[in-house]
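Have a look at the structure below, then the notes.
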Amino acid sequence: MNERRKPYPFDRIEPKWQTLWDERRAFHALNPGEENFDPAKPKYYVLDMFPYPSGAGLHVGHPEGYTATDIIARYKRLRGFNVLHPMGWDAFGLPAEQYAIKTGQHPVITTRENVAKFKTQLKRIGFSYDWEREVNTTDPNYYKWTQWIFLQIYNSWVNPETKKAEPISTYRGNDPDNVRLAYVAEVPVNWCQELGTVLANEEVIDGKSEVGGFPVVRRPMRQWMLRITAFADRLLDELKGLDWPDSIKALQRNWIGRSKGAEIDFPIDRGMGFQPMSHRQDADATIRVFTTRPDTLYGATYMVLAPENPLVDQITTEEHRGSISQYRTTIAAKSDLERTDLAKEKTGAFTGAFAINPANHERIPIWIADYVLMGYGTGAIMGVPAHDERDLEFARKFDLQIIPVVQAPGKTPEESIGYLEVGIAINSPLLNGLSHVEATTKIIDWLEQNGHGRRDIRYKLRDWLFSRQRYWGEPFPVIWRNGKHEALAESELPLEPPALEDFKPTGTGEPPLAKAKDWIRYSEDAVRETNTMPQWAGSCWYYLRFCDPQNDRRFVGEEPERYWMGDSIADRPGGVDLYIGGVEHAVLHLLYARFWHKVLFDFGYLSKPEPFQRLVNQGMILGEDGRKMSKRWGNVIDPLDVIEIYGADAFRCYEMFMGPLEQMKPWSMKGVEGVSRFLARVWRLIMEENQAGEWILSGEVEEVVPDKSPLKILHATIKKVTGDIETLSFNTAISQMMILVNALTNAPKKSVPAFRTLLLLLNPFAPHLTSELWQTLAEKFPGGADDIMAQRWPEYDETLLVEDEIEIVLQVNGKLRDKITVALDATNAETEAAALANKKVQNAVGGQAIRKVVVVPKKLVNVVTG
RNA sequence: GCCGAUGUGGCGAAAUGGCAGACGCAACGGACUUAAAAUCCGUUUCCGGUAACCCGGAGUAUGGGUUCGAAUCCCAUCAUCGGCACCA
């Protein structure tokens, strides 16, 4: 019947302070121009990846990154920064829509409920978000600007000379729709019958949908695309100036996949042998390939087209039509999964046609095979079996000629077959004896001079498939008239989706919005676009909206943008100072957001070319059983359950004490208990229980300077905690504070100044406890103001950290033998003499001759013998 | 296959060229208590020795190397996790 006794009254303190903070608008960040705004303060923008508010609520994994950013935010405020620390909701998306399909509950309702639940949880953890800046991607006042940004993208193109986005009006060609950054294309898409929608490549995993795991097939459909490939170079090159983990940069580089090489044209042989360009009857009859190894051109003994390549129909000879068509049918029937199965044998079919190798005028056969992909390069390759693993396998299987053209070091030409690295050119009249670099330059120059090819760069990155056949997303601000698309005027935004009762997919690939007949009909001769935008759209720019969330004239005001997203450190390209989130967004969200940012930057709306200067990925928190937290294993932990027993401060501290932020680590309730004991020790350091069982300020607390030893630990702790917060090493910061608290507990004096410093250091981690204790101390000892948040972060005194005596480690041959203490000012010679006089050292040396003595001042002596 | 990360006590971890295992958990012992909880104090890498203060040896995935000295730097191997994957 009696509740379990709390180690300290967090259940009273925490709600008290949370209410006070709300009432005082304690975390509201002021924009330039607002009353009380202090322009002398530097800004700090610390951002979390905002969540999708699911029905399940938060589990303990979510607040890991949020706690880290909250500590930084509170720390920076104490250091005198004007801190922007906002939170919002990425609330468009499939789960709410599927819930609507099942229950008929409108996603607006579900979203509102889920957001309320998430917000309650976040508030109960005591995060210092500026809730007056809350944004929600499904709010018309927000997506009005998502649609507006889409229109900017739609109305722009990349000028190849400046490589920058410009208004489409500067384009001088005759078909602007061909160069717009948003365009419509008939593309093979990932169609998921079960979800009734297409998916982006990134949302398909092993031939199945990322959401739900349903089968996905290829199917051509008319889709909106965003021309992200026009920014491939900048997205790659501008990673350099960002403080991101190298692994994330590597993932993005890999995803963009830039390859330097050459385009080469192979004339199709019409039985007349090789003809110089000018004499050719049919100048179009060439096969263009892309290769990263033009230096191996003399080794190209055959060509392969992708089975889907339209050229196949033109070149296939009468005799081979049957077998070619049969092969293409088998390939078309295969799923993506089967096609990309690496283990399988090479397959292919001969077209009967031949091409001419422009280098040596050899007549080489043209095949089709599914190991050549239509979607990369030109959908055709030159086969160089001697120096390409796949080509070699293919040539051996179909008995095609193999000519080595690069010599492996120390090997004969014959042995160099299968050598994939670079080397000296052989069997290549124009290139013999040249190194890879020389040969590559020479052959490309030759190709360019003779009109057979040119330098070229290709990317793995594809344009972004931007439309979805869904209800719960931003409608496109676009109408169709006479088969052509037109942008809506800005004045017509926001374009809200129609009210629908039936959210089910139509099943035909036509979006659910097509069911709203009245809504679609825009005018006598125009209809609305019925696709919606993908969930990534809203998250591409939310960090900008946080700077100025209520602005109804612009997506973000100029001045707030310049203040929060710019800064005085000129050579930093990014705006947000610290961005923490899951590694699962390493390529998609982070690449898309960078892309939008660059478009808006080119148009002069933004101060910096990159959105996020410093990025950190928090590691996943596993269940107590070491498995990923999921309903399936029944190992999900709700933060509110933990807070109920141990309090929010203990929850926060434990999340940070578990281990390094970036690392994956398992949850442990016992661990929370340990951290909770630490906080209770802090409490009892300052408070005691009176006869009536009430907590009152301890009578021993006095306004005195601490003794030397605790004072030294105190200053060592200021130094360590400050440094650790800057590097996000929160686990070791907490360890150090535990050491301090142990020392203060054992110290004879209960020193108010020491306690104040401790409370300040601990405040970002355990804000409720430290606020309460600070206030209690202030009531009796009026030295400090009664609000801990109005204080300055403590500084340490280096002179207090110096030792007067130093412990020196004695080693013999690198092995520890003893420790001695020497005076601070002992010379190397004195230290060495003391070491050699040491009995244990002498024992270990035995009778052996001393060859060398290494003295590291203030650290150790190593005696090397024999 | 390619790219990246990780590998240290019973467990989470610390130490990034100089005392391996800070801090915490768990376990064990002690104090307080009629008792328990809570709290406080102590022990706790492994092996061997000693009545004992202690003494000796080994030890950071494995094998080599650099160095007076390596968990830390280099080379190779193995394992686990993540990403990409017939990208020409």
Side-chain angles (χ1 to χ4, degrees), chain A residues 4-7 245-255 257-259 261 289-294 296 300 304 306 339-344 346 369-373 375-384 387-391 393-394 458-462 583-584 586-587 617 619-620 624 626 653-654 657-660 662-675 677-678 680-681 684 729 731-742 745-746 807-819 840 851-856 858-865:
Chain A
R4 193 196 130 126
R5 203 179 134 60
K6 308 271 193 265
D246 286 339
S247 57
I248 300 297
K249 289 190 183 182
L251 283 177
Q252 291 220 346
R253 283 198 200 96
N254 202 312
W255 190 262
R258 174 158 65 188
S259 306
V289 302
F290 173 72
T291 176
T292 53
R293 291 294 301 273
T296 63
V304 186
R339 262 190 86 156
T340 55
D341 182 6
L342 273 173
K344 76 172 171 117
K346 292 274 177 291
D370 69 342
Y371 83 91
V372 174
L373 309 174
Y376 184 79
T378 59
I381 61 153
M382 64 181 200
V384 184
H387 306 291
D388 183 284
E389 222 176 347
R390 299 150 300 182
D391 295 345
E393 200 190 323
F394 190 79
R458 296 276 171 164
Y459 304 89
K460 256 163 62 175
L461 182 72
R462 305 297 152 79
V583 71
E584 65 272 18
V587 273
N617 296 117
M620 206 192 326
E624 297 220 54
C653 288
Y654 175 66
F657 186 64
M658 291 173 79
E662 296 92 335
Q663 198 169 298
M664 192 191 287
K665 46 217 176 266
W667 186 263
S668 153
M669 271 312 177
K670 286 290 185 186
V672 189
E673 203 171 317
V675 172
R677 274 201 279 267
F678 158 65
R681 280 164 73 92
R684 290 196 313 269
S729 309
N731 53 332
T732 49
I734 294 172
S735 294
Q736 181 63 36
M737 288 189 280
M738 286 172 168
I739 292 169
L740 174 63
V741 168
N742 291 343
T745 301
N746 295 326
E807 194 177 59
I808 298 283
V809 170
L810 303 184
Q811 297 181 334
V812 175
N813 294 327
K815 203 164 271 190
L816 175 75
R817 290 302 166 183
D818 205 358
K819 298 170 199 174
K840 288 189 183 169
R851 187 150 60 91
K852 187 174 175 184
V853 180
V854 181
V855 181
V856 181
K858 299 178 185 182
K859 280 224 168 108
L860 63 71
V861 178
N862 187 12
V863 180
V864 186
T865 67

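All figures in this text were calculated on a predicted structure; none of them were measured in a lab. So that the names make sense, note that chain A is the first sequence line, chain B the second, and so on, each numbered from 1.
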Indicate yes or no for a side-chain donor-acceptor contact from [X] to the backbone of [Y] under 3.5 Å, with no hydrogens or angles considered.
| X | Y | result |
| --- | --- | --- |
| A/Asn813 | A/Thr865 | yes |
| A/Ser729 | A/Thr732 | no |
| A/Lys665 | A/Gln663 | yes |
| A/Asp391 | A/Val384 | yes |
| A/Gln252 | A/Ala586 | yes |

Determine the Euclidean distance between corresponding [atom1] atoms of [M] and [N]; express it in Å to zero decimal places.
| N | M | atom1 | result |
| --- | --- | --- | --- |
| B/U8 | B/U62 | C1' | 15 Å |
| B/G30 | B/A36 | P | 11 Å |
| B/G48 | B/G10 | P | 15 Å |
| B/C53 | B/C40 | P | 27 Å |
| B/A13 | B/G83 | C1' | 27 Å |
| B/C25 | B/C78 | C1' | 31 Å |
| B/A76 | B/C81 | P | 23 Å |

Roughly how many Å is it from [atom1] in [X] to [atom2] in [N], rounded to a whole number?
| X | N | atom1 | atom2 | result |
| --- | --- | --- | --- | --- |
| A/Arg681 | B/A38 | CZ | P | 15 Å |
| A/Gln663 | B/G7 | CD | P | 7 Å |
| A/Arg684 | B/A38 | CZ | C1' | 8 Å |
| A/Tyr376 | B/C84 | OH | C1' | 14 Å |
| A/Asp818 | B/C54 | CG | P | 13 Å |
| A/Leu740 | B/A22 | CG | P | 19 Å |
| A/Lys249 | B/G82 | NZ | P | 25 Å |
| A/Asn254 | B/G82 | CG | P | 17 Å |

Using OP1 and OP2 only, check whether a side-chain N or O of [X] sits under 4.0 Å from [N].
| X | N | answer |
| --- | --- | --- |
| A/Gln252 | B/G83 | no |
| A/Arg253 | B/C84 | no |
| A/Asn617 | B/A5 | no |
| A/Ser735 | B/A13 | no |
| A/Lys670 | B/A26 | yes |
| A/Asn742 | B/G24 | yes |

Base, sugar-phosphate alone, or nothing: which one does [X] contact when heavy atoms must sit under 4.0 Å apart?
| X | result |
| --- | --- |
| A/Asn731 | sugar-phosphate |
| A/Gly674 | sugar-phosphate |
| A/Arg458 | nothing |
| A/Ser668 | nothing |
| A/Thr378 | nothing |

Base partner of [N], which must satisfy Watson-Crick or wobble distances under 3.5 Å:
| N | answer |
| --- | --- |
| B/G1 | B/C84 |
| B/A22 | none |
| B/A36 | none |
| B/A71 | none |
| B/C78 | B/G7 |
| B/A15 | none |
| B/G56 | B/C47 |

Quick check for you: among [options], whose closest atom lies nearest to any side-chain atom of [X]?
| X | options | result |
| --- | --- | --- |
| A/Phe657 | B/C19, B/C25, B/G12 | B/G12 |
| A/Pro660 | B/A88, B/C3, B/A14 | B/A14 |
| A/Thr291 | B/C84, B/A88, B/C86 | B/A88 |
| A/Val809 | B/A88, B/C23, B/C19 | B/C19 |
| A/Lys840 | B/A88, B/C25, B/C55 | B/C55 |
| A/Lys665 | B/U39, B/A13, B/A88 | B/A13 |
| A/Lys859 | B/C3, B/A22, B/G18 | B/G18 |

When rounded to the nearest 0.5 Å, the distance separating CD1 of A/Ile734 from CD1 of A/Ile739 is 12.5 Å
Taking atom CZ of A/Arg458 and atom OG1 of A/Thr291, what is their separation to the nearest 0.5 Å?
11.5 Å
Find out whether the Lys NZ or Arg CZ of A/Lys346 is both under 6.0 angstrom from the six-membered ring centre of A/Phe394 and within 45° of the ring's axis.
no
Counting only heavy atoms from other residues, nucleotides and ligands, does the tally under 6.0 Å from CG of A/Asn746 exceed 12?
yes
With a sphere of 6.0 Å drawn around CD of A/Glu584, does it hold more than 12 non-hydrogen atoms of other residues, nucleotides or ligands?
yes
Nearest-nucleotide 5' precedence on RNA chain B, A/Tyr459 against A/Arg817:
A/Arg817
Take A/Val583 and A/Ser247, find for each the nucleotide of RNA chain B with the closest heavy atom, and name the residue whose nucleotide sits nearer the 5' end.
A/Ser247
With no angle test and no hydrogens, is the base of B/C84 tied to the side chain of A/Lys460 by a donor-acceptor pair under 3.5 Å?
no
In B/S/- notation, 5' to 3', how is nucleotides 67-72 of chain B contacted by protein heavy atoms closer than 4.0 Å?
-BS---
Syn if the chi torsion is within 90° of 0, anti otherwise; quick check, which is B/G9?
syn
Going by atom types only, do A/Asn862 and A/Lys852 share a side-chain donor-acceptor pair under 3.5 Å?
no
